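It should be emphasised that the depicted structure is a prediction, and the values quoted were computed from it without experimental measurement. Lettering follows sequence order; numbering is per chain, from 1. No hydrogens, no waters, no symmetry mates; every other heavy atom, side chains included, goes into these values.
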Amino acid sequence: MSPIQPKTPPGVMELLPRDQVAFQRVLDTIRRGYERFGFLPVETPVFELVDVLLTKSGGETEKQVYFVQSTGALQQGKKPELALRFDLTVPLARYVAEHEHELAFPFRRYQMQRVYRGERNQKGRFREFYQCDIDVIGKDSLPLAFDAEIPAVIHHVFTELDVGAFTIRINNRKILQGLLEGMGLGDENARMLALREIDKLPKIGRDQVLANLSAPEIGMADETASRLLDLATPGGDQDHLLGRLRDLARDGGTPLLAEGVEELASVVEGMRALGVPDRNFAIDLTITRGLDYYTGTVYETFLNDYPGIGSVCSGGRYENLASHYTKSRLPGVGISIGVTRLFYQLREAGLIKPATSRTVLVTQMDEQLRTDYYRLAAELRAAGIDTEIHLEPAKIARQLKYADRAGIRFVLLMGSDEAARGTVTVKDLAEGGQQEMPRADLAAHLRARLG
RNA sequence: GCGAACGUAGCUCAGUGGUAGAGCGCUCGGUUGUGGUCCGAGUGGUCGUGGGUUCGAUCCCCAUCGUUCGCCCCA
């Protein structure tokens, strides 16, 4: 009887402790950033009632939903009542609608939890992954200033994450919608399809997009499509692009176009005032976001040095978050960081390395001194230093090997020699050196070395 | 849901129609209180599973399962 093959289900990211610590630090950094801007924590259950979760049925997302069913109900052939959430926005809508009268608006919440999608395996795709969301929900209305604040938070967080240069690409859906409208694309569905094609521009290239736009389902004239792509191609001076858009809006543009351009200009102005430098954002009309519920501002963030990772953070403005659950009008704006993908790819790229533990290891060099080791550890813990004792007596080489594997950097050695002198030897496994010092100085020394 | 590639040691992979190899890892050792590095020894696989062709299959054929990559969509 051979044991069952131990293995993780496909599409999950399971980490060894040292990587888990590194991941935890990424989460901590994001959390601190969100809190710095006054967002409040919310957690919701991993599953929701099916009726609540699948409100806008028929979408792509529904095909990827995991249903939750008890065995008893399953045996009775009942339909599942519960399903795992596939994002944090739908649960947020339910949450806000449910607790509407107990919340302070505009409601600023952050939420960092796992979501589930039954995806086909692919690079950088997970079936279970973390999303770190922030959203601001207004009651009846929500000023555009919030659209400017979101990228400011993202700028703060990604700067703190220290993952190299990044660009927050920003757009307003009304602009392309307005342009398409002005170009005679009246059909709502055709406009949706056109937006989706334009979104693919960086990926499949101009020629392919042109071809797709002139295909029968969309039916744009080549020349019109070409003019559109000229505008949409990213790069160049932001203010210049805004100027061109303004001209277009004034010279016979539709009201929707004018509205989009003014909104975008206002958001850009706000972002700059909030301290987002020009090098960290770019107006990019190809950013449209597939999700239909975005109505105005949309964002996608990319790491300049790792374009292959794709968007690591995206979101936008939606006019009415919870229309399925309440009659109240609740507009919002928000963004989501896909940390699982981000972490996984950064680790692959070598930008994130297994973390070194902050724990100090007290070795047992001499079993006679056991109680001294225990007391030493207690002293250090009282002084605020994470301390572990190698409780299992073993040869010192083995104890050091253990520390090395566990990613512990500092090891304390105290044999009969040190004990007699009232000193402790601090060995640095990373640097290789060691230093003997009075026991009284130990805590301060370690604190300094650990940063 | 559609399309493609790949399944050989714990990992990364070589290999041949005649019942298998490397590197890394892992364990132990290189005596007194020093990990990683270095040196030495050891440990390793019904060649994914089932069937077919063959005197004989890890290799050829079919199926199946699994993994990975792309499309759709998305963090």
query = Got a minute to check which stems RNA chain B is part of, using Watson-Crick or G-U wobble pairs under 3.5 Å, three or more consecutive?
reply = B:1-7 with B:65-71, B:10-13 with B:21-24, B:25-30 with B:38-43, B:48-52 with B:60-64

Integer-rounded Å distance: B/C74 P and A/Gln131 CD = 13 Å

request  = Answer with base, sugar-phosphate or nothing: what part of the nucleic acid does A/Lys427 contact at a heavy-atom distance below 4.0 Å?
outcome  = base

message = Taking donor-acceptor contacts at under 3.5 Å, does the side chain of A/Gln434 reach the base of B/U34?
response = yes

task = Give one of base, sugar-phosphate or nothing for A/Ala403, where a contact means two heavy atoms less than 4.0 Å apart.
result = nothing

key: Modelled atom types, side-chain donor and acceptor of A/Glu436 and A/Thr423, under 3.5 Å   = yes

task = Grab the CD-P distance between A/Glu367 and B/G33 for me, whole Å please.
result = 13 Å

inquiry  = Measuring only the C1' atom in each nucleotide, how far is B/G66 from B/C72? A whole number of Å is fine.
reply    = 23 Å

ask   = Between the side chain of A/Arg341 and the main-chain N/O of A/Ser311, is any donor-acceptor distance below 3.5 Å?
value = yes

inquiry  = For the P atoms, the ones on B/G7 and on B/C60, what distance do you get once it is rounded to whole angstrom?
reply    = 10 Å

query = If we take the P atom in both B/C69 and B/G30, what is their distance in whole Å?
reply = 45 Å

query = Counting distance only, does the side-chain N/O of A/Arg169 pair as donor-acceptor with the main-chain N or O of A/Thr301 below 3.5 Å?
reply = no

note = Closest heavy-atom pair, A/Leu413 versus A/Met365, reported as atoms and distance to 0.1 Å, is CD2-CE, 3.7 Å

query = In whole angstrom, what separates A/Gln399's CD from B/G36's P?
reply = 14 Å

task = Give me the residues of residues 151-167 of chain A where at least one heavy atom lies under 4.0 Å from an atom of RNA chain B, by number, or none.
result = none

key: Of the listed nucleotides B/C74, B/C28, B/G33, the one nearest the side chain of A/Arg398   = B/C28

ask   = Would A/Glu48 and A/Arg94 pass as an ion pair if we require N to O under 4.0 Å?
value = yes

inquiry  = So, does A/Arg85 get its side chain near the phosphate of B/A75, meaning an N or O under 4.0 Å from OP1 or OP2?
reply    = no

ask   = Any donor-acceptor pair under 3.5 Å joining the side chain of A/Arg125 to the base of B/C69?
value = no

request  = Measure up the A/Tyr110 and A/Tyr34 rings against each other and bin them: parallel (under 30°), tilted (30 to 60°), perpendicular (over 60°).
outcome  = tilted

query = Would you say a side-chain N or O of A/Thr340 is under 4.0 Å from OP1 or OP2 of B/A75?
reply = no

key: Nearest-angstrom distance from the residue atom CZ of A/Arg117 to P of B/C72   = 16 Å

message = Categorize A/Asp417 for me: base, sugar-phosphate, or nothing, with a 4.0 angstrom heavy-atom threshold over every strand shown.
response = base

ask   = Has the side chain of A/Gln364 got a donor or acceptor atom that lies under 3.5 Å from a matching backbone atom of A/Leu391?
value = yes

message = In whole Å, measure the gap between the C1' atoms of B/U46 and B/C39 for me.
response = 36 Å

query = Does any N or O in the side chain of A/Gln113 come within less than 3.5 Å of the main-chain N or O of A/Thr44, such that one atom is a donor and the other an acceptor?
reply = yes

task = By nearest nucleotide on RNA chain B, pick out whichever of A/Lys395 and A/Ala430 is the more 5' one.
result = A/Lys395

key: Out of B/G35, B/G33, B/A75, whichever nucleotide has its closest atom nearest the side chain of A/Met365   = B/G33

ask   = Across the strands shown, which category fits A/Phe126 at heavy-atom distances under 4.0 angstrom: base, sugar-phosphate, nothing?
value = base

key: Same-atom distance (C1') from B/U34 to B/U19, integer angstrom   = 48 Å

Side-chain-base donor-acceptor pair under 3.5 Å for A/Asp404 and B/G36 = no

query = Within a strict 4.5 Å, meaning less than it, do heavy atoms of the A/Leu142 and A/Pro106 side chains meet?
reply = yes

ask   = Please give, in whole Å, the distance from B/G10 C1' to A/Leu16 CG?
value = 13 Å

inquiry  = Any non-hydrogen side-chain atom of A/Val333 less than 4.5 Å from a side-chain atom of A/Leu144?
reply    = no

query = Looking across every strand, which nucleic acid part, if any, lies under 4.0 Å from A/Gly432 by heavy atom: base, sugar-phosphate, or nothing?
reply = base

request  = Salt-bridge test for A/Arg449 and A/Glu431: reply yes if a basic N is under 4.0 Å from a carboxylate O, no otherwise.
outcome  = no

request  = Would you mind classifying the nucleic acid contact of A/Ile396 as base, sugar-phosphate or nothing, using non-hydrogen atoms under 4.0 angstrom?
outcome  = sugar-phosphate

message = On the side chain of A/Glu418, is there an atom forming a donor-acceptor pair with the base of B/G33 - under 3.5 Å, no angle test?
response = yes

inquiry  = Could you tell me how far B/G10 sits from B/C47 if I compare only their C1' atoms? Round to whole Å.
reply    = 16 Å

inquiry  = When the P atoms of B/A22 and B/U43 are compared, how many Å lie between them, rounded to an integer?
reply    = 12 Å

remark   = Separation of B/U34 atom P from A/Glu431 atom CD, nearest Å, is 21 Å

query = How far does the C1' atom of B/G52 sit from the matching atom of B/C13, given to the nearest Å?
reply = 30 Å

ask   = Just how far, in rounded Å, is C1' of B/G35 from CZ of A/Arg405?
value = 11 Å

inquiry  = Heavy atoms only, 4.0 Å cut-off, all strands: where does A/Ile337 land among base, sugar-phosphate and nothing?
reply    = nothing

message = Tell me the interatomic distance from A/Asp135, atom CG, to B/A75, atom P, rounded to whole angstroms.
response = 12 Å

message = Looking at every non-hydrogen atom in both residues, tell me the closest pair between A/Gly316 and A/Tyr294 and how far apart they are.
response = N-CE2, 3.2 Å

